[in-house]
Amino acid sequence: MEYLHTMVRVANLEESLKFYCEKLGLQEVSRMDHDKGRFTLVFLAAPGDAESARENKAPLLELTYNWDPETYSGGRNFGHLAYRVDNIYATCQRLMDEGVTINRPPRDGHMAFVRSPDGISIELLQKGDSLEPQEPWASMENTGEW
Ligand SMILES: C[C@@H](O)C(=O)SC[C@H](NC(=O)CC[C@H](N)C(=O)O)C(=O)NCC(=O)O
Ligand code: NI
């Protein structure tokens, strides 16, 4: 058995692609418009995984956009999506500059949490050893629910 993807439903596809691709850096691998079912599926891969993802050799995020508006309540059973980054401070700074709230700042140089436009929790983890604590991150408080 192999792990294929995690699917999240999104209320606004354009807003979600702006967050996951332009801000977080994921790459669109494929998409499918389903006229009969009135929905669109967009498959996203982490940067550099796109080629292997096309051969189903890398995990994907599947965004489901239902054309008819629905209200999605955040199930407490769903936790988060997690990505490993080269530099957690640089990633959080770029996201913050793009207007993304850093709900749980990387105080420890290791872990941070942000939220998608639909409130999906995204965990960011430092590749390798934790970075040395540094300002302003070391003294930043959590923002909102994370
Ligand atoms: C392509 C494959 O990875 C899928 O996940 S298709 C699964 C299918 N998705 C839909 O029908 C999307 C529209 C639907 N209104 C929805 O919001 O899910 C499906 O069976 N979905 C049901 C589910 O619980 O995932
Ligand atoms: Ni699926």
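Any value given below was found using the heavy atoms of this structure, including those in side chains, with hydrogens, waters and symmetry copies removed. Counting starts at 1 for both ligands and their atoms, in listed order.
If you check the side chains of Thr40 and Asp33, you find a donor sitting under 3.5 Å from an acceptor.
The minimum heavy-atom distance linking Glu62 with His5 is given by the pair OE1-NE2, 2.9 Å. Asn66 and Phe39 get closest at one heavy-atom pair: OD1-CB, 3.6 Å. Across every non-hydrogen atom of Tyr89 and Gly109, the tightest pair is OH-CA, 3.2 Å.
Within the 4.0 Å cut-off (strictly below), no protein heavy atom is located near atom 19 (C) of ligand 1. At a distance under 4.0 Å, no protein heavy atom can be found next to atom 9 (N) of ligand 1. Per-atom contact check: atom 2 (C) of ligand 1 touches the protein, criterion being a heavy-atom distance below 4.0 Å.
Using a 4.5 Å heavy-atom threshold, the side chains of Glu123 and Met111 count as touching.
If you chain together hydrophobic residues whose side chains sit under 4.5 Å apart, Met96 and Phe113 never meet in one group.
Under a 4.0 Å N-O distance rule, the pair Lys18/Glu15 does not qualify as a salt bridge.
The residue Leu4 has no part lying near ligand 1, judged by heavy-atom distances below 4.0 Å. Counting heavy atoms closer than 4.0 Å to ligand 1, residue His34 contributes nothing at all. Looking at Met7 against ligand 1, only its side chain comes within 4.0 Å, counting heavy atoms.
In this comparison of Asn66, Leu60, Leu41, the heavy atom closest to atom 13 (C) of ligand 1 sits on Asn66. Residue Arg9 holds the heavy atom nearest to atom 16 (C) of ligand 1 of all those in His5, Glu62, Arg9.
Note on Glu62: its N/O/S atom closest to the Ni ion (ligand 2) is OE1.
Those atoms of ligand 1 that come under 4.0 Å of a heavy atom in Thr64, given as number and element, are 12 (C), 13 (C), 17 (O).
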